[in-house]
Amino acid sequence: MFAGFAVRRRRRGSVRLLATVVTSALVAGGFIAGASAAAADEARQHQGGAAATLNGLTTFDQAVLQVDGERQEVPAGLFEMTVDGGGTLKTYCVDLHNPTQDGSRYLETSWDQTSLGGNKDAGRIGWILQHSYPQVDDLVGLAKAAGTGPLTAGTAAAGTQVAIWRYSDDAQVQALDPAAEKLADWLEKKAGTVAEPGASLSLLPGAVSGPAGTRIGPVTVRTGADRVSVAPPADAAASGIRITDARGRPVVSATDGSRLYFDVPAKAADGSAALTVQASTSVPVGRVLAGTTKSQTQILAGSSQSTVSATATATWATAGAIPALSARKDCVEGAVDVTATNKGDAPFAFELMGLTHTVLAGESRTVTVPVAEDQAYEFTINGPGGLRKTFTGILDCRTTGSTAVALAGPQSGGPGPLSAGGTSSGPVSADDGPDLAETGASGATPMIAGIALAMLVIGGAAVFLLRKKKDTGAED
């Protein structure tokens, strides 16, 4: 199933927008319209922070889940992730009925881009994380406070996960171990509300633009780290692009609140460049990690010193339209918001589903592209001066509390299954789509073909929701 955007060139300053919203089955089958090798190399939209790989469920005990009158035993506890560049994360699941895939890739993200964004109890989950294992690693003291009797690491993790599931998934679930169940009940009853933590590292906004011969920005650093390193564009020596402060002084390191600029020479050819900031810090407890493929959304329970990074891009030109392009999941609308900001001296136009949209000089516009729940998507945007931006991901904005749970096979190194929420035929690489076995595509090709055809017809008649946004920098 996909919706293709019509493309044609109109005049100087126009942009061609080719977007494809693809089902998980078609992505797994290798069918991605409008994608090229160059587009595939681009990163998924990410506001910055940790990027990690799921190792599996490491500290757990058993729980009993009731769905539609059926009782099912499931493992409950802590997962472990390895952070790109170094570091380890401990996480709990906040998406009980979805599967996990060992080896899945995850990106740190904000609550509003996941099911927690519309969950009135998200703050209670944050409270549980701060007041239970592993943040409270004194198991004797925790057991005494909760009146549970003796706790092990496994039963403490299970009790904590059960309490979280009751708020994240509204699940009817109990820990099998009596002490773990008492801990879950105590945490559920005592839970207060805490605010969502900020990102471990982000750059806001993630895309800026402006005329050549000026300092383009600012891009503001947001981080809990004491200091971050600032890496200039890869071809900075040849292009003359520098990263500076507001006064034009070169910047090689920054702190929270630092404002960075791209200093672009007046003779620079029209183009774009990226800067990257990096730090070693603990990722804040309560940050969400979302899978880049279909895999359970996780929430952070503990972090070692970990490598975190963020990237921002700049686009410049000597004249005409000068767009900055960004995208963000919109879980309220069930969509992806694609935003174009024009810092040039001429209108910036793009065509979408047969309609031409114009962003005047100094203005911005957001196009909200509906995407079905659990659907993979890819948007490739081409603009003047060789600008090319690709956004890919999967929309996972809801939990499915009425769905029966199937269990995976044994977890290596432990007696229990991978997790509740589905089977897995093996690990998924960072850039692969979900396995066909997971989507059921291997046995449903005719159905998928019929649905795809129907969606093409519907897509041709659909009118996308469009709205203007003066402020494009929603903070992560």
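Small disclaimer: the values here were computed from a predicted structure and weren't measured.
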Subject >> Lys/Arg N to Asp/Glu carboxylate O, Asp169 vs Arg398, below 4.0 Å >> reply: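 No, no charged N to carboxylate O under 4.0 Å.
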
Original post:
Any ion pair linking Arg259 and Asp245 (charged N to carboxylate O, less than 4.0 Å)?
Top reply: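 Answer for the salt bridge query: no.
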
Taking the side chain as every heavy atom from C-beta outward, state whether [X] and [Y] have any pair of such atoms under 4.5 Å apart.
X      : Y      : result
Leu107 : Leu289 : no
Leu260 : Val277 : yes
Thr390 : Glu378 : yes

Subject >> Criterion side-chain hydrogen bond (donor to acceptor under 3.5 Å, both in side chains) against Arg328, the qualifying member of Thr109, Thr339, Asp112 >> reply: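 Of all the options given, the one that passes is Asp112.
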
**OP:** Could you give me the CA-CA distance, side-chain angles and deciding distance for Leu203 and Thr220, then say whether side-chain contact (heavy atoms from CB on, under 4.5 Å) is met?
**Re:** CA-CA 6 Å; Leu203 291 173; Thr220 302; over 6 Å; no

Rounded to the nearest 0.5 Å, how far apart are [atom1] of [X] and [atom2] of [Y]?
X      : Y      : atom1 : atom2 : answer
Lys90  : Leu129 : NZ    : CG    : 14.5 Å
Ser209 : Asn342 : OG    : CG    : 7.0 Å
Leu96  : Asp170 : CG    : CG    : 11.0 Å
Leu89  : Ser303 : CG    : OG    : 5.0 Å

Spell out, as yes or no, whether a donor-acceptor pair under 3.5 Å connects the side chain of [X] to the backbone of [Y].
X      : Y      : value
Ser132 : Ile128 : no
Ser326 : Ala207 : no
Ser202 : Ala199 : no
Gln296 : Asn98  : yes
Ser304 : Ser306 : no
Gln113 : Asp330 : no
Glu196 : Trp111 : yes

Original post:
Between Ile394 and Asp374, which heavy-atom pair has the shortest distance, and what is it?
Top reply: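 It is CD1-O, 3.6 Å.
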
Subject >> Closest non-hydrogen atom pair between Gly210 and Ile216, with its separation >> reply: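 Of all heavy-atom pairs spanning Gly210 and Ile216, the closest is O-CD1, 3.6 Å.
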
How about [X] and [Y]: does a side-chain donor come under 3.5 Å of a side-chain acceptor?
X      : Y      : answer
Ser309 : Gln278 : no
Thr368 : Asp337 : yes
Ser282 : Gln305 : yes
Thr214 : Tyr261 : no

**OP:** Tell me, with the steps shown, if Arg215 and Phe262 meet side-chain contact (heavy atoms from CB on, under 4.5 Å).
**Re:** CA-CA 5 Å; Arg215 284 190 287 274; Phe262 293 80; over 6 Å; no

**OP:** Could you check Thr82 against Asn55 for side chain to side chain donor-acceptor pair (under 3.5 Å), going step by step and ending with a plain yes or no?
**Re:** CA-CA 7 Å; Thr82 299; Asn55 297 332; 2.8 Å; yes

